Amino acid sequence: MLDIKLLRSQPNQIQDRLNLRGGTIDLTEILALDQTVREIETRRSHLEAESNDIGKQVGKLMQSGNKDGVDIQALKDRANEIKHQIANIEPEEKVIKEQIRQLLLVIPNLPDQTTPIGKNELENIEVRNWGNEYKGLPDLLPHYDIGEKLGIMNFERAVKVSQSRFVTLLGAGAALERALIQFMLNTHAQRGYQEVLPPYLVNSASLLGTGQLPKFAEDAFKCAEDDLWLIPTAEVPVTNLYRDEVIEAEKLPIYHCAFTPCFRREAGSYGRDTKGLIRLHQFHKVELVKFVHPERSHSEHESLVADAEFILQALKLPYRVIELCTGDLGFGAAKCYDLEVWLPSANQYREISSCSNFNDFQSRRANIRFKAKKQKGTEFVHTLNGSALAVGRTMAAILENYQDAQGRVVIPDVLQPYMGREYL
RNA sequence: GGAGAGGUGGCCGAGUGGUUGAAGGCGCAGCAUUGGAAAUGCUGUUUAGGGGUGACUUUAACGAGGGUUCGAAUCCCUCCCUCUCCGCCA
């Protein structure tokens, strides 16, 4: 959520920066409503001040024993008159305030000053790449084919049990998934992230806090009987751990890593990535979440990306780092790097992690502040998060990049201790 | 699911419908004391919105939302949450 005061004080600059995203966001309505509501608010405050004053006078007169005096009745009459006047303007004030809130909630974040300007994904920037694009064997199989051939992956039965876009892992496939999760969590924990195992069902306030609601309700699964939703990412429960809290400044930065299943309706993606592990309604992800001092958020973002890259490098999977341009940035992100892993069967890179800096966008919505000792007032923290990594897509990358001439899949060195074997 | 108890500031904990943003304590900060510290003493210490360059001023907030009243932390209603006991349960 943007700061209404910033919007008020420099509407043109804000408009220009929002325009870099390419959408059409009109701020005139919200600015007009803001102007109106402030006028009403001032009037109401004055009326309430008078009313408070009368209350005190009545109190004094009552205590001095003058319970039925004429002057008391006159004061009461005046106070009732004020009450009616307030009742006349207050509903309008509430309605307008709610309108402003609703409008603010659907305005995307301002792109960071350092985010490259561009219209769409074609203008994203490749920052660096790592490893060789493995062209593979001539008879290299896509991950879903080798997975089924090895008997570690079954799509048909998952469809029977649920519906399309679900998978079942079997035997070594299930073990590999579990090994990846263990390896990722252990690595991050060693590197300073506190592990969290959060709830997988969250309330609407949490989704509002991280920005999935109100705009993207159709992307999430909802439990109709309850105010509960299946999490689309661990970002939601982990970020909201600190909702409505004031953190002591010296406790920052806070680093968490979390493994969770993620549930996404994938509305509007019919026919895309229908085969394999790439786009499922349920998948596993290890997520990194940071709460940091605003002054440090840029460097914290870089190190977050490095922590995600560390996993890819440990697994020896070729990848590249893409910095998203303003036109391709997600709703809440101010700056974002995608990590894309090499998938030889498709002869292309596919997103395996997205590392975003939200600046104070989420913390404003979720009301996550910090307070420095000796300083008056509070400030909003900056929140950052990134996948490290999407487990299913990592499995897909391993199944393709590690195929050998015998049709086996070599298990990456770092996973062998977890698997107790060298090949699938 | 049934029965009961309770939600007050960073924390603990008082609270009578009337100048209570809220006693007291802890914690924290500053000052004094000390060779230095502990102990002690004094002072200060919520957040958010509006107005003002500013000192400042004004409004709101005692789980949330309504109601009664000139006036509500205090009385009434609805909802949420927490705890205890019983039942059910991995």
Side-chain angles (χ1 to χ4, degrees), chain A residues 1-10 30-104 197 199-209 223 225-229 237 240-252 254 261 291 360 363-381:
Chain A
M1 186 153 63
L2 299 187
D3 182 2
I4 185 77
K5 281 183 279 185
L6 191 69
L7 235 151
R8 193 186 288 155
S9 64
Q10 32 187 289
I30 199 167
L31 288 166
L33 288 171
D34 178 56
Q35 181 64 36
T36 308
V37 85
R38 275 157 67 215
E39 284 162 16
I40 297 173
E41 203 175 357
T42 303
R43 256 193 295 157
R44 181 184 47 79
S45 293
H46 287 153
L47 288 168
E48 281 172 345
E50 190 182 345
S51 172
N52 286 343
D53 187 55
I54 291 172
K56 284 175 189 168
Q57 288 182 47
V58 173
K60 272 184 204 162
L61 289 169
M62 300 285 276
Q63 278 177 336
S64 62
N66 181 7
K67 288 198 188 330
D68 311 302
V70 184
D71 35 358
I72 286 189
Q73 196 49 52
L75 287 170
K76 285 188 182 180
D77 290 346
R78 173 60 190 154
N80 273 320
E81 196 184 314
I82 291 168
K83 204 155 50 158
H84 282 119
Q85 287 177 12
I86 292 172
N88 274 335
I89 58 175
E90 206 174 26
E92 192 190 356
E93 183 185 339
K94 279 191 181 171
V95 167
I96 296 177
K97 279 192 166 158
E98 183 55 24
Q99 282 177 332
I100 291 172
R101 201 179 90 90
Q102 292 303 328
L103 287 169
L104 274 179
L197 203 150
Y200 302 156
L201 294 175
V202 296
N203 55 34
S204 298
S206 292
L207 283 164
L208 202 82
C223 306
E225 299 299 316
D226 307 279
D227 177 31
L228 287 172
W229 307 67
N240 279 283
L241 288 177
Y242 299 94
R243 173 151 48 84
D244 293 320
E245 290 194 23
V246 179
I247 301 165
E248 292 168 39
E250 55 269 37
K251 295 210 171 136
L252 298 177
I254 294 170
F291 303 83
D360 62 358
S363 57
R364 224 173 255 290
R365 290 175 159 247
N367 193 28
I368 305 171
R369 295 167 293 168
F370 71 95
K371 183 175 170 58
K373 282 195 171 147
K374 300 190 202 180
Q375 261 179 30
K376 226 180 143 53
T378 57
E379 258 187 274
F380 290 104
V381 301

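Chain identifiers are assigned alphabetically (A, B, ...) following the order of the sequence lines, protein sequences preceding nucleic acid strands; residue numbering begins at 1 within each chain. The structure displayed is predicted, hence computed values, not measured ones.
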Sort out the partner of B/rA64 for me: Watson-Crick or G-U wobble, both distances under 3.5 Å, none otherwise. B/rU78

What is the distance from CD of A/Glu48 to P of B/rU57, rounded to the nearest Å? 19 Å

When the P atoms of B/rG25 and B/rU74 are compared, how many Å lie between them, rounded to an integer? 26 Å

Salt bridge between A/Glu98 and A/Lys94, side-chain N to carboxylate O under 4.0 Å? no

Protein-nucleotide distance (A/Lys76, atom NZ; B/rU68, atom P), rounded to Å: 15 Å

Any sub-3.5 Å donor-acceptor pair from A/Asn240's side-chain atoms to A/Ser206's backbone N or O? yes

Could you check A/Glu50, A/Glu93, A/Glu92 and say which one makes a salt bridge (charged side-chain N to carboxylate O under 4.0 Å, His left out) with A/Arg44? A/Glu93

In whole angstrom, give me the gap between the P atoms of B/rU84 and B/rG13. 16 Å

For RNA chain B, whose closest nucleotide is more 5', that of A/Ile4 or that of A/Lys94? A/Ile4

Which base sits across from B/rU69 as a Watson-Crick or G-U pair, both distances under 3.5 Å? none

Please give, in whole Å, the distance from B/rG71 C1' to A/Asp77 CG? 15 Å

Are A/Lys60 and B/rG71 close enough that a side-chain N or O sits under 4.0 Å from OP1 or OP2? no

Strictly below 4.0 Å: does A/Thr378 bring a side-chain N or O up to OP1 or OP2 of B/rA48? yes

Any side-chain donor-acceptor pair under 3.5 Å between A/Arg78 and A/Asn80? no

RNA chain B: 5'-proximal contact among A/Ala49 and A/Lys83 (nearest heavy atom): A/Ala49

Distance below 4.0 Å between A/Arg38 side-chain N/O and B/rG51 OP1 or OP2: yes

Nearest-Å distance once atom C1' is located in both B/rC80 and B/rA64: 7 Å

Rounding to a whole Å, what distance do you find between A/Gln35:CD and B/rG51:P? 9 Å

Who does B/rC85 pair with, Watson-Crick or G-U, both distances under 3.5 Å? B/rG2

Among B/rU59, B/rC70, B/rU19, the one nearest A/Ala79 by side-chain distance: B/rC70

Side chain of A/Asn80 (C-beta onward), nearest among B/rU47, B/rU59, B/rC70: B/rC70

Picking from B/rC70, B/rU58, B/rU19, which would you name as closest to the side chain of A/Val58? B/rC70

Can you check the A/Asp244 CG to B/rG9 P distance for me, whole Å? 14 Å

Please give the distance between the P atoms of B/rG65 and B/rA55 as a whole number of Å. 30 Å

Thinking salt bridges, do A/Glu379 and A/Lys371 make one under a 4.0 Å N-O criterion? no

Whom does B/rG54 pair with, Watson-Crick or G-U wobble, provided both distances fall under 3.5 Å? none

Over how many whole Å does the gap from A/Ile368 atom CD1 to B/rA48 atom P extend? 15 Å

Is any side-chain N or O of A/Arg369 closer than 4.0 Å to OP1 or OP2 of B/rA48? yes

If you measure from the C1' atom in B/rC62 to the same atom in B/rA73, how many Å do you get, rounded? 5 Å

Nearest to side-chain heavy atoms of A/Lys371, which nucleotide of B/rC70, B/rU46, B/rA48: B/rU46

Rounded to whole Å, CE of A/Met1 lies from C1' of B/rA48 at a distance of 13 Å

Please tell me whether A/Asp53 and A/Gln57 have a donor and an acceptor in their side chains that are separated by less than 3.5 angstrom. yes

Is there a side-chain contact between A/Asn52 and the phosphate of B/rU19, meaning an N or O under 4.0 Å from OP1 or OP2? no

Does one side chain, of A/Asn203 or A/Asp227, offer a donor that lies under 3.5 Å from an acceptor on the other? no

If we call it a pair only when both distances are under 3.5 Å in a Watson-Crick or G-U wobble match, what pairs with B/rU40? B/rA32

Whole Å only: how far is the CD1 atom of A/Ile96 from the C1' atom of B/rG49? 15 Å

Would you measure the distance from the C1' atom in B/rG17 across to the matching atom in B/rC11 and give it in whole Å? 29 Å

For the P atoms, the ones on B/rU46 and on B/rU34, what distance do you get once it is rounded to whole angstrom? 31 Å

C1'-based separation of B/rG6 from B/rC12 [nearest Å]: 16 Å

Residue-phosphate contact under 4.0 Å: A/Arg8 side-chain N/O, B/rG50 OP1/OP2: yes

